[in-house]
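A quick write-up on the structure given underneath.
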Number of protein chains: 2
Amino acid sequence: MTEHGTGRRGQHRRAAPTMKHVAALAGVSVMTVSRALATPDRVSPEALEKVRRAVLQTGYVPDRNAGALSSQRSHIVALTLPTLANGNFADLAEGISDILLPAGYQPLIGHSGHSLEKEEELVRIMLARRPDAFVLVGTTHSRETSRLLHASGITVIETWEYTDNPVDLCVGFSNRRAGELAAEHLAGLGHRQLAAIGGSLDDTLKDYRGEQRLRGFRDAARRLGLPDPVILREAVVPIRHGQGAGTMARLLDDHPGASAVFAISDTMAFGAMMECQRRGIAVPRQLSILGFGDFDIAGQCLPGLSTISVDPVAMGRMIGDRILERMAGSAPRSEETAPRIVLRHSTSAPPGA
Amino acid sequence: MTEHGTGRRGQHRRAAPTMKHVAALAGVSVMTVSRALATPDRVSPEALEKVRRAVLQTGYVPDRNAGALSSQRSHIVALTLPTLANGNFADLAEGISDILLPAGYQPLIGHSGHSLEKEEELVRIMLARRPDAFVLVGTTHSRETSRLLHASGITVIETWEYTDNPVDLCVGFSNRRAGELAAEHLAGLGHRQLAAIGGSLDDTLKDYRGEQRLRGFRDAARRLGLPDPVILREAVVPIRHGQGAGTMARLLDDHPGASAVFAISDTMAFGAMMECQRRGIAVPRQLSILGFGDFDIAGQCLPGLSTISVDPVAMGRMIGDRILERMAGSAPRSEETAPRIVLRHSTSAPPGA
DNA sequence: TGTCAACGTGGTATCGATACCATGATCTGG
DNA sequence: CCAGATCATGGTATCGATACCACGTTGACA
């Protein structure tokens with residue numbers, strides 16, 4: 001009687017215990033078990049205790065996929081990141097998890113390698129798990145990605161970049177504003193000839209958000225009456241293997257006039273600093289360097305790297321909160337967060353000032 | 001007719017299209033649709049074409065959870081990492097994904113924050129999704145974790161640390177061996193008084209694998225006839241916020257005799273190098289520093305950090321391959337991978353040599 | 001030309017849970 | 001003391017897919 005019925009479905013691996021097993025052991029119906037686990041206050045204390053014991057004894061873990069099928073709520077939240085190997089995105093994911101896991105939601109993480117095609121593929125695969133919400137990094141997506149998400153009819157949250165016209169909801173900062181902030185900070189220190197180093201524009205691996213930062217940087221410089229910044233780009237996406245050293249070398253060789261450099265990411269900024277060290281250029285006395293991202297390394301290197309922080313953990317938590325609100329039936333609003341300067345010791349007034 | 005039956009289950013959000021919708025549109029049965037998607041070669045070309053068109057038109061994405069319930073194979077692989085904010089683990093996850101995703105498996109990633117209690121909680125939550133396989137980092141788990149995994153009867157792969165007695169399968173390296181390698185390298189350069197810096201032994205956040213490395217380091221030094229290495233530990237888990245600078249300062253103050261330092265992670269090694277730079281101690285001329293992990297930063301800093309690499313991407317792919325083999329019915333074997341030294345410029349012969 | 005295998009297709013039961021409804025027991029109030 | 005509400009519980013249908021079986025068609029071969 002405690003064995004499963006016909007066993008027709010072939011010889012699978014030893015099956016995990018089901019609610020039916022627990023119910024039989026506890027001497028109650030499966031419905032009572034279901035309620036005991038989901039809404040304990042609607043079950044008598046005695047029944048609850050019997051169920052509790054049976055669960056412990058069997059090592060029962062409910063099958064949430066089956067539950068999802070029945071209730072039409074999977075309690076899964078999909079999350080597509082460009083890559084895991086970037087502290088900021090990892091932090092974002094951890095922030096989201098911190099909020100969602102205790103609330104009974106399971107984050108499902110994927111990485112697209114900065115490619116819109118891979119993102120689309122990923123979205124398709126993840127939609128097959130019927131998430132209750134979908135978090136996307138960035139606001140640039142393929143046409144088909146948008147169509148799929150729209151057809152699925154689920155909550156979509158775009159992040160890492162603020163937009164006034166989100167697909168659905170948006171929690172993010174303005175990359176353009178981050179760039180402006182960088183220019184304003186450097187100009188405020190007295191620098192006039194600015195420079196910036198960023199990622200390239202390969203066809204398939206565009207760094208959309210980095211470009212936004214560069215644009216904001218240039219526009220702010222113009223607005224402040226400075227000459228147009230020198231802007232150099234590397235041949236690859238800057239995060240990870242883009243060290244910035246090569247670009248910095250080009251900058252130093254070809255544009256010796258610049259007294260301050262904004263790097264599109266801390267990784268590049270660090271590489272740039274190393275190139276300076278190699279050449280015996282003192283940072284910040286001879287050259288100021290400003291990064292972006294506030295990665296761990298920014299606080300550890302010498303001199304400490306001044307950078308722009310967007311607090312990804314906080315952003316992740318905000319996203320988690322928005323999702324829970326939406327799941328609870330309320331209508332949360334999009335939110336723009338503010339990037340802020342973290343001052344350390346890699347920026348100062350220009351040499352002759 | 002194309003509308004769903006009773007609609008009894010309340011007013012949900014706009015529902016995603018189902019196989020029934022596709023079947024109706026294509027003018028075939030749901031079984032034919034199912035086969036068209038799963039085993040196209042068992043369906044006539046005409047039917048296949050009709051289904052294909054209907055799928056495109058509806059934007060249909062199959063519900064893999066429902067499929068999993070029916071077929072008893074979820075095509076989910078659970079993966080518990082200590083943290084995402086560690087390049088090595090992120091690489092491991094990407095390596096696994098690279099293999100599994102194209103094969104139709106979905107990695108489900110969680111992070112335990114180095115805590116066995118959180119790992120257990122995570123395992124429980126992930127088991128609720130009925131993964132076909134479970135990948136765990138490390139070989140130390142709570143009693144209940146082991147019980148749950150055992151009761152579930154699924155494939156378990158332990159990694160990041162090799163053991164002869166795995167729960168099920170193991171793909172990893174010997175942390176002890178990594179430590180030995182470090183001592184052998186430094187001894188081979190002519191160093192006699194070695195030192196090592198590592199993570200602390202808090203009660204809940206033990207760095208088990210780091211301790212193994214330290215043990216291997218000490219044992220190898222003894223075996224080589226060197227005096228016992230000085231071993232200092234930080235008060236927190238070394239990765240991420242453990243910069244190593246403080247420990248290095250203690251080492252320089254209290255044990256000036258050591259000419260070479262092995263750091264339990266590149267993060268600490270980098271902090272140690274910065275402390276040396278701060279004090280004007282030349283690396284490697286006055287002091288050799290050897291790291292572990294071959295993080296990106298090791299190749300970027302000055303001098304380049306000599307370190308021990310365990311090639312996490314390759315390990316991840318190996319894990320993915322093992323899982324696929326197991327799923328295909330064969331019986332893959334555990335595998336021990338070999339850590340190897342990556343020589344850069346932070347280690348050399350000791351000062352007086 | 002008849003027999004049998006292979007092939008393409010559809011019907012039905014089922015996976016493990018929850019929604020909804022029905023039932024009987026207990027409680028509350030006039 | 002009984003009507004109506006509340007509570008605890010169980011039975012049944014169902015979520016969206018696949019496993020298994022059954023059937024009709026076609027083609028190969030003797």
Side-chain angles (χ1 to χ4, degrees), chain A residues 4-13 15-24 26-51 55 58 60-75 104 127-130 152, chain B residues 4-13 15-24 26-51 55 58 60-75 104 127-130 152:
Chain A
H4 25 38
T6 64
R8 82 183 165 83
R9 298 232 164 180
Q11 60 308 319
H12 296 301
R13 56 176 181 245
T18 76
M19 200 174 262
K20 212 183 289 186
H21 299 138
V22 175
V28 297
S29 73
V30 290
M31 272 317 302
T32 301
V33 176
S34 176
R35 272 187 294 252
L37 297 173
T39 53
D41 51 315
R42 313 189 125 267
V43 172
S44 69
E46 309 85 62
L48 195 59
E49 179 56 22
K50 283 190 290 186
V51 170
V55 165
T58 53
Y60 170 72
V61 175
D63 184 332
R64 298 256 175 251
N65 289 336
L69 186 59
S70 180
S71 67
Q72 299 291 77
R73 312 187 95 239
S74 64
H75 287 257
L127 277 178
R129 301 293 169 177
R130 296 292 186 269
S152 74
Chain B
H4 25 39
T6 64
R8 84 181 161 83
R9 299 236 165 179
Q11 59 308 321
H12 297 302
R13 55 175 181 242
T18 76
M19 200 175 261
K20 211 183 290 186
H21 299 140
V22 175
V28 297
S29 73
V30 291
M31 274 315 303
T32 300
V33 176
S34 177
R35 272 187 293 253
L37 298 174
T39 53
D41 51 315
R42 313 188 127 266
V43 171
S44 67
E46 309 85 61
L48 196 58
E49 179 57 22
K50 282 190 290 185
V51 170
V55 166
T58 54
Y60 170 72
V61 175
D63 184 332
R64 298 260 174 246
N65 289 336
L69 186 59
S70 178
S71 67
Q72 300 292 75
R73 310 186 96 238
S74 65
H75 287 257
L127 277 178
R129 300 294 168 178
R130 296 291 186 270
S152 73

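Lettering follows sequence order; numbering is per chain, from 1.
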Stepwise, does the side chain to side chain contact (heavy atoms under 4.5 Å, CB included) test hold for A:Tyr60 with A:His21? CA-CA 9 Å; A:Tyr60 170 72; A:His21 299 138; over 6 Å; no
Looking only at heavy atoms, what is the nearest atom pair of B:Ala16 and A:Arg130, with distance? CB-NE, 4.2 Å
Might you point out which heavy atoms bring B:Arg129 and A:His75 nearest each other, and give the distance in Å? NH2-O, 3.4 Å
For A:Ala47, answer base if it contacts any base atom (sugar-phosphate contacts may also be present), sugar-phosphate if it contacts only those atoms, and nothing otherwise; contact means non-hydrogen atoms under 4.0 Å. sugar-phosphate
With heavy atoms under 4.0 Å as the rule, sort A:Val43 into base, sugar-phosphate or nothing. sugar-phosphate
Rounded to the nearest 0.5 Å, how far apart are [atom1] of [X] and [atom2] of [Y]?
X	Y	atom1	atom2	value
B:Ser74	B:Asn65	OG	CG	8.5 Å
A:Ser71	A:Arg73	OG	CZ	7.5 Å
A:Leu69	A:Arg64	CG	CZ	14.5 Å
A:Ser70	A:Asp63	OG	CG	11.5 Å

OP1, OP2 of [N] versus side-chain N and O of [X]: anything below 4.0 Å?
X	N	answer
A:Ser34	C:dT18	yes
B:Ser29	C:dG10	yes
B:Gln72	C:dG16	yes
A:Tyr60	C:dA17	yes

Validation: residues 28-43 of chain B side-chain donor-acceptor distances under 3.5 Å, sequence neighbours left out:
from    : atom 1 : to      : atom 2 : distance (Å)
B:Ser29 : OG     : B:Met31 : N      : 3.4
B:Ser29 : OG     : B:Thr32 : N      : 3.3
B:Ser29 : OG     : B:Thr32 : OG1    : 3.3
B:Thr39 : OG1    : B:Arg35 : O      : 3.4

Can you measure [X] atom [atom1] to [N] atom [atom2] for me and round it to whole angstrom units?
X	N	atom1	atom2	answer
A:Glu49	D:dA8	CD	P	16 Å
A:Met19	C:dT14	CE	P	20 Å
B:Lys20	C:dT12	NZ	P	13 Å
A:Leu37	C:dA17	CG	P	9 Å
B:Glu46	C:dC7	CD	P	16 Å
A:His75	C:dA17	NE2	P	15 Å
A:Arg42	C:dT18	CZ	C1'	14 Å
B:Asp41	C:dA6	CG	P	16 Å

Atom pairs, protein N/O to nucleotides 21-24 of chain D N/O, distance under 3.5 Å:
none

Does B:Thr32 or B:Ala66 map to a spot on DNA chain C nearer the 5' end, using the closest nucleotide for each? B:Thr32
Would you kindly compare B:Met31 and A:Thr18 by the position of their nearest DNA chain C nucleotide and give the one closer to the 5′ end? B:Met31
Rounded (10°) bend between the five-pair end axes of the helix from C:dT1-D:dA30 to C:dG30-D:dC1: 30°
Does the C:dT18 base have a donor-acceptor partner in the side chain of A:Ser71 within less than 3.5 Å? no
Hey, does A:Val55 have a side-chain heavy atom less than 4.5 Å from the side chain of A:Val51? yes
Nearest-nucleotide pick for B:Val28, side chain only, options being D:dT18, C:dT9, C:dG10: C:dG10
